[in-house]
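Letters A, B, ... are given to chains in the order of the sequence lines, protein chains preceding strands, and every chain is numbered from 1. Since we're looking at a predicted model, the values are computed, not measured.
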Amino acid sequence: MQLNERQQRAVDQIACPVLVLAGAGSGKTSVITEKIIHLIKNCHYAPDNIAAVTFTNKAAKEMQQRLRSLLGPDLGDKIRTSTFHTLGMAILRKDIGRVNRSHHFSIFDEQDSLQVLNDLTERQIKGDKGLLYELKNRISFCKSEGIKPKQLRSSASNQQQQFDAHIYQAYQDHMELCNALDFDDLISLPVELLNEHQDIRSHWQNQIRYLLVDEYQDTNQAQYQMVKLLAGPDPKITVVGDDDQSIYAWRGAKPENLQQLQEDFPTLEVVKLEQNYRCCQRVLKVANHLIANNPHIFEKQLWSQHQQGEQIRIIENDDEEHEADFVVADLVSQRISGRLKYSDFAILYRGNHQAKLFEKALIKHGIPYQISGGMSFFARAEIRDLMAYFRLIANPDDDAACIRVINVPRRSIGAKTLQVLAQAGRDNKQSLFKSCKNSHNIANLGARAQTAINDFTQLIEQARASTQFDVDKFLIELGYDHWLMETSSSPKVAEGRWNNVQELCRWIKDGLAQSDSPDLAEVVNQLLIRDLQQQEEDSDSVQLLTLHAAKGLEYSQVYMVGMEEDLLPHRSSIEEDNIEEERRLCYVGITRAKHGLVMTLAKKRRRFGEVSATEPSRFLEELPQEEIDWPDQAGPISEEEQQDKNQFYRDQLAALLKG
DNA sequence: ACGCGCCGAATTTTT
DNA sequence: TTCGGCGCGT
């Protein structure tokens with residue numbers, strides 16, 4: 001791999017902490033992998049003393065594969081490439097006892113956490129998704145900052161903080177009772193352990209002698225603390241980030257952490273990577289011009305040796321349906337004239353709901369597409385159901401799991417019975433499942449309910465008792481296939497769901513077979529913080545994704561759709577005066593394009609069923625007008641012309657698809 | 001306990 | 001427009 005001068009500098013400098021400011025497409029992954037190779041080959045680092053931390057499993061996996069192919073499996077696989085959460089779990093595993101949990105703990109995902117908060121709150125907040133989410137964010141923030149419920153209570157300066165402290169405490173108590181951790185805990189608890197225990201700290205500092213961190217602009221406070229604690233007194237670290245691609249601040253990411261590095265590590269050397277290897281000149285110029293409207297801590301100017309490229313097109317359509325028709329028609333013609341594959345095209349949008357129309361248009365013309373984002377594998381009802389069963393079998397105190405599955409498939413255990421059980425649980429400070437086991441001691445339970453509960457507990461206990469958990473046998477006992485048929489709208493849908501179930505079971509079986517001591521809890525937790533991606537990647541299909549999901553990816557031809565005020569920038573960001581992050585989002589979208597970039601908008605659009613006029617995104621005016629082709633369509637066009645245009649797209653498509 | 005129907009709300013989401 | 005949550009009726 002031939003590195004440029006700056007990249008080489010970032011690789012070679014190991015005497016002091018290094019911050020690599022890596023612009024879009026500047027080859028940061030190469031820097032990380034080459035640096036690891038340099039550390040091993042030239043600096044005598046043992047591979048298992050090097051850790052590369054990323055945010056996504058996908059990125060971690062990619063890096064692992066790259067190292068494997070560069071160093072060979074025997075060296076490459078020894079390097080710890082993980083996400084913050086995986087690393088957190090590794091740190092917790094040994095010392096889980098010190099954080100009031102036991103070995104078979106469960107991980108609660110966001111929905112589980114929200115459900116817990118919902119159960120802990122009263123009317124007004126109860127049931128209000130938005131408010132619950134805000135509450136959860138505030139608790140997350142506390143965890144990130146290392147603030148405990150008691151500290152929050154004593155420092156509370158207003159009523160909301162007092163309220164938060166109360167809920168926070170109840171939430172933590174409940175999590176402890178359930179022997180559960182949330183995603184935040186997987187970072188904040190390791191930080192606490194590293195911070196407070198000299199033995200743990202030195203163990204990990206000794207274990208990880210060189211630390212590399214990717215996407216640093218996305219770290220939150222807790223993750224930064226983790227980096228600092230692992231780096232230790234003689235920091236051997238390289239972090240890579242780009243403040244212009246910080247698009248997760250709304251989720252607690254602190255791009256200021258980039259700046260903070262300079263203060264915390266006075267010897268820090270900053271290396272800027274400004275040569276872009278991805279985009280053609282025009283795309284880059286447009287991107288630079290746009291992002292220049294944002295304030296910068298570190299100035300940088302991306303440049304490219306690639307060819308000029310074509311002008312960036314901006315296409316105004318009459319409404320969102322025309323927009324979709326246009327994009328599909330244009331895409332098809334570009335594919336043929338440019339001899340491109342479907343997978344060279346991406347359609348990027350701000351919100352998932354925008355995908356629908358494009359999906360419809362693509363289906364209409366039989367064009368293969370793949371939609372990423374939206375419903376993740378783990379968000380699917382059938383997967384959540386089964387994961388809940390597995391969690392409950394591994395950890396009977398997992399109330400969230402218990403609530404989810406106690407009446408799925410139907411066992412006639414309804415709200416009333418559940419309420420009685422929950423009350424018994426609170427009275428005795430025990431989990432729901434324990435209450436179920438002791439149901440004969442609970443008054444107010446009818447005979448029918450008793451029987452139903454007994455059947456349920458027996459099912460779970462039986463699975464628990466077996467020395468080797470047999471997934472297939474369990475599914476049959478459960479009758480989950482029948483349940484899917486009953487509850488799905490069509491046999492087709494049921495089949496799809498059943499396939500998902502099969503997929504999950506394969507992973508569970510694999511996990512159980514792989515580990516030397518089969519442990520269901522371990523396998524389930526690993527799965528939850530990994531991510532099953534179904535193997536559909538090789539098919540040649542148009543990619544539909546949100547701007548957020550597009551970060552880190554690149555496509556030959558990019559369509560950025562819905563370039564309108566209230567969509568991009570999104571309305572709520574306008575209201576909260578948070579335009580800069582939206583501008584970065586736009587910047588991320590533009591810099592995904594290698595050659596062609598088309599931005600589209602609709603002059604009117606249905607919002608909540610109402611048709612209303614739209615306004616072009618302010619970002620369009622921030623682009624260098626000489627580089628863009630923006631046909632000025634004067635005034636609204638008539639119904640007739642609209643029909644003509646529609647017909648035109650149809651004809652064009654029909655001709656192209658035939659040829 | 002369950003199912004239907006009405007009403008109200010609708011960014012982004014690495015783990 | 002579509003989806004999900006809640007409440008009422010069976």
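Residue A/R571 places its CZ atom among 12 or fewer non-hydrogen atoms of other residues, nucleotides or ligands, all under 6.0 Å distant.
Rounded to a whole Å, the CD1 atom of A/I579 is 17 Å from the P atom of B/dT12. Separating the CZ atom of A/R571 from the P atom of B/dA9 is a distance of 15 Å, rounded to the nearest angstrom. Between the CZ atom of A/F84 and the C1' atom of B/dT15 there is a distance of 12 Å, rounded to whole Å. Put simply, CG on A/D214 is 14 Å from P on B/dT15, counting in whole angstrom units. Rounded to whole angstrom, the span from the CD atom of A/E110 across to the P atom of B/dT12 amounts to 13 Å. Rounding to whole angstrom units, CG of residue A/L181 and C1' of B/dT15 are separated by 13 Å. Atom-to-atom, NZ of A/K136 to P of B/dT13 comes out at 16 Å; the value is rounded to the nearest Å. Between the C1' atom of B/dT13 and the CG atom of A/D184 lies a distance of 13 Å, rounded to the nearest Å.
Between A/N57 and B/dT15, a side-chain N or O to OP1/OP2 separation shorter than 4.0 Å is present. Neither OP1 nor OP2 of B/dA1 sits under 4.0 Å from any side-chain N or O of A/N407. Listed pair A/T546 / B/dT13 meets the phosphate criterion, a side-chain N or O lying under 4.0 Å from OP1 or OP2. In this model, the phosphate group of B/dT11 is not approached by any side-chain N or O of A/N578 to a distance below 4.0 Å at OP1 or OP2.
Aromatic pair A/H570/A/W250: centroids not less than 6.0 angstrom apart.
A cation-pi geometry, defined here as NZ or CZ lying under 6.0 Å from the six-membered ring centre and within 45° of its normal, does not hold between A/K360 and A/F358.
Judged by atom type and distance alone, A/S572 reaches the base of B/dT11 through a side-chain donor-acceptor pair under 3.5 Å. A/R350 contributes a side-chain N or O that forms a donor-acceptor pair with the base of B/dT11 under 3.5 Å.
Between B/dT13, B/dC2, B/dT11, one nucleotide has an atom nearer to the side chain of A/R410 than all others, and that is B/dC2. Listed candidates were C/dT1, B/dT15, B/dT13. Nearest to the side chain of A/R606 is C/dT1. Distance from the side chain of A/D218 is smallest to B/dT14 among B/dT14, B/dC2, B/dT11. Side chain of A/Y133, nearest nucleotide from B/dT15, B/dT13, B/dT14: B/dT13.
Within the nucleic acid shown, A/A415 comes within 4.0 Å of sugar-phosphate atoms alone, with no base atom in reach, counting heavy atoms only. A/F108 comes within contact range of no nucleotide atom at all, as no heavy-atom separation falls under 4.0 Å. A/T417 comes within 4.0 angstrom of sugar-phosphate atoms only, judged by non-hydrogen atoms across all strands, and of no base. Nucleic acid contact class of A/K416 (heavy atoms, under 4.0 Å, all strands): sugar-phosphate only.
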(Q) I'd like to know whether A/D519 forms a side chain to side chain donor-acceptor pair (under 3.5 Å) with A/H103, so could you lay out the CA-CA distance, the side-chain angles of the two residues, the decisive distance to 0.1 Å, and finally the verdict. (A) CA-CA 10 Å; A/D519 183 327; A/H103 182 57; 3.1 Å; yes
Show your reasoning for whether salt bridge (charged side-chain N to carboxylate O under 4.0 Å, His left out) applies to A/D325 and A/K364. CA-CA 10 Å; A/D325 282 340; A/K364 198 165 69 185; 3.7 Å; yes
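Heavy-atom nearest nucleotides on DNA chain B were determined for A/S412 and for A/L585, and the one closer to the 5' end corresponds to A/S412. Comparing A/I413 and A/E582, the nucleotide of DNA chain B nearest to each residue sits closer to the 5' end for A/I413.
With its ring centre under 5.5 Å from that of the base six-membered ring and a plane angle below 30°, A/H570 counts as stacked on B/dT11. Aromatic stacking is not marked for A/Y248 over B/dT13, as the cut-offs of 5.5 Å for the centres and 30° for the planes do not both hold.
Ion pairing between A/R592 and A/E554 fails under the 4.0 Å rule for side-chain N and carboxylate O.
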